[in-house]
There are 2 protein chains.
Amino acid sequence: MTNQTTKMYLQIVRELRLLIQSENIRPGGKLPSERELAERLQVGRSTVREALRSLELLGLIETKRGEGTFLTDFRKHKLVEVLSTFILQDTKTIEDVHITREIHEKEAIRIVAGSTVLNQLPVWASLLKQLQEDGSIVREDLIREILISSNNRLSLKMWFLLKQYGEEPYQGHSEDEENHAIQQLLTAIMDGDIEQAIRSYSAWTKWLTQGRETT
Amino acid sequence: MTNQTTKMYLQIVRELRLLIQSENIRPGGKLPSERELAERLQVGRSTVREALRSLELLGLIETKRGEGTFLTDFRKHKLVEVLSTFILQDTKTIEDVHITREIHEKEAIRIVAGSTVLNQLPVWASLLKQLQEDGSIVREDLIREILISSNNRLSLKMWFLLKQYGEEPYQGHSEDEENHAIQQLLTAIMDGDIEQAIRSYSAWTKWLTQGRETT
DNA sequence: TTTTTCAAAGTGGTCTGACCACTCAATGAA
DNA sequence: TTCATTGAGTGGTCAGACCACTTTGAAAAA
């Protein structure tokens, strides 16, 4: 039992993955209790905990004392402390996270704008209307909508994670300059003008980035 | 003692960071033993282990039974690997894996071709020469070179994983049609012609995809 | 003296059982 | 019906016990 080549807790991480899959546990769903897992996997509870703690540190699960362990909702903005204090200490890495997130965003824009089906989706007109009436729009909402429409679940998931790990305060108070870029982006998407959409996106992103750096 | 608002193991992660800093432990260096840490921090050994296992899963430390715990290079963190086992779990759509890999490839091409520094790298001319002389070139080698040159480690890591996951036999026997596309791609990169580079890449990819589907 | 052997100490890996703190729902009293 | 209580379930932590493995240094052999 204790004579494995692979470490037990890593095996448990794997088992958990399978369990989540086979029992179709969705984000927010509850995992079996530590004691039950120990029993089912025939290992000690402390070993199960080592695996769970690892996943918790990664932000993949959430634990609530007295309640249980839950699968994390990717959408939830929960900053993983280590990443900021440990890994993401390296500025180059932080930059890579942002850039990589933007890669996925840009490609989604290209796909949506380039598809005569996708760029006619009523959601774009609706968002544009909201922008003009309310005078503001949440960046995340718009981008998410685009990612979802681009219809690549893998890319969407990566985006969620990158966003989570790249954590940064996109201030909601849109200024005119930003709104202009967003409006251009939406319009370009609806027009199917890929290049213009990308240009608008870049302008928008640049606007945000500058705001971030000057802080 | 057990009445903290912050979880003990997270506090230990923090303590460890400070300890590493204050004792100036460098990558490869040895950390205090689990028993010593438990003693110094006045916590149980199992709690220390929960913290250590978390950091190990992230690839921040390495443990060797009978020897001890060692610090690894931060830059070697396993964030992508670990997350991928969970992300790729239900997103079984092979199609998405391919498309997402291509997203990263295309963006790298854009970056390299768009940089007057990167597109002048001697490696492109060298590869072009190899193609013309040998009449063939390994797709993976070329793409990897581009990814590396684009200078985004995170993206590079993702690419490696996606490649591994999408695993497919890119037959090496280049035919004239394929060689033509590759040659165009390399030339376009050196010319700094982003659009042409992307077109050539797409043509090349399409050629491969067709070969894949007919199989 | 030099080399070999091997037992002890140190370290991570795992299990067990014990409490504590907290949540929730069923139970029973008002 | 409403409210208070209590007990079961769950995560948080600890202490102590073995096991498997590596290093090391002292004793034995050459």
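Chain A is the first sequence line, chain B the second, and so forth, proteins listed ahead of strands; every chain is numbered from 1.
Although no hydrogens or angles enter the test, the distance criterion places a donor-acceptor pair under 3.5 Å between the side chain of B:Q42 and the main chain of B:E39.
The distance from atom CD of A:E39 to atom P of D:dG11 is 14 Å, rounded to the nearest whole Å. The separation between B:Q42 atom CD and D:dG12 atom P is 21 Å, rounded to whole Å. Here the C1' atom of nucleotide C:dT14 and the CG atom of A:L41 are 14 Å apart, to the nearest Å. If you measure from atom CD of B:E62 to atom P of C:dG13, you get 12 Å, rounded to the nearest angstrom. Rounding to whole angstrom units, CE of residue A:M8 and P of C:dT16 are separated by 12 Å. C:dG13 atom C1' lies 10 Å from atom CZ of B:R35, rounded to whole Å. For B:I12 and D:dT13, the CD1 to C1' distance is 10 Å, given to the nearest whole Å. Atom pair A:I61:CD1 and D:dT10:P shows a separation of 15 Å (rounding to whole Å applied).
Here B:T69 reaches the OP1 or OP2 of C:dG12: one of its side-chain N or O atoms lies under 4.0 Å away.
Under the salt bridge (charged side-chain N to carboxylate O under 4.0 Å, His left out) criterion, B:E23 pairs with B:R40, not counting sequence neighbours. For A:T69, the side-chain hydrogen bond (donor to acceptor under 3.5 Å, both in side chains) test picks out no residue, with sequence neighbours left out. For B:R110, the side-chain hydrogen bond (donor to acceptor under 3.5 Å, both in side chains) test picks out no residue, with sequence neighbours left out. Residues that satisfy the side-chain hydrogen bond (donor to acceptor under 3.5 Å, both in side chains) test with A:E34, not counting sequence neighbours, are A:R45, A:R49, A:R53. Among residues two or more places apart in sequence or in another chain, the side-chain hydrogen bond (donor to acceptor under 3.5 Å, both in side chains) test is passed with B:S54 by none.
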Produce the list of close N/O pairs, under 3.5 Å, pairing protein atoms with atoms of nucleotides 5-10 of chain C; give distances to one decimal.
unit_1: C:dG10; atom_1: N2; unit_2: B:G66; atom_2: O; d: 3.2

For residues 24-33 of chain B, tabulate all N or O donor-acceptor pairs below 3.5 Å that involve a side-chain atom, not counting sequence neighbours.
unit_1: B:S33; atom_1: OG; unit_2: B:E36; atom_2: N; d: 3.2

Without placing hydrogens or testing angles, list every side-chain donor-acceptor pair under 3.5 Å for residues 117-132 of chain A, not counting sequence neighbours.
unit_1: A:N119; atom_1: ND2; unit_2: A:A113; atom_2: O; d: 3.0
unit_1: A:N119; atom_1: ND2; unit_2: A:S115; atom_2: O; d: 3.1
unit_1: A:W124; atom_1: NE1; unit_2: A:L118; atom_2: O; d: 2.8

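For residues 44-54 of chain B, proximity to DNA chain D is found at B:G44, B:R45, B:S46, B:T47, defined as any non-hydrogen atom under 4.0 angstrom from a strand atom.
In this structure, A:R139 satisfies the cation-pi test against A:W204, with its NZ or CZ atom closer than 6.0 Å to the six-membered ring centre and inside 45 degrees of the ring normal.
Taking only side-chain atoms of A:V43, from C-beta outward, the nucleotide of D:dG12, C:dG13, C:dC15 with the closest atom is C:dC15.
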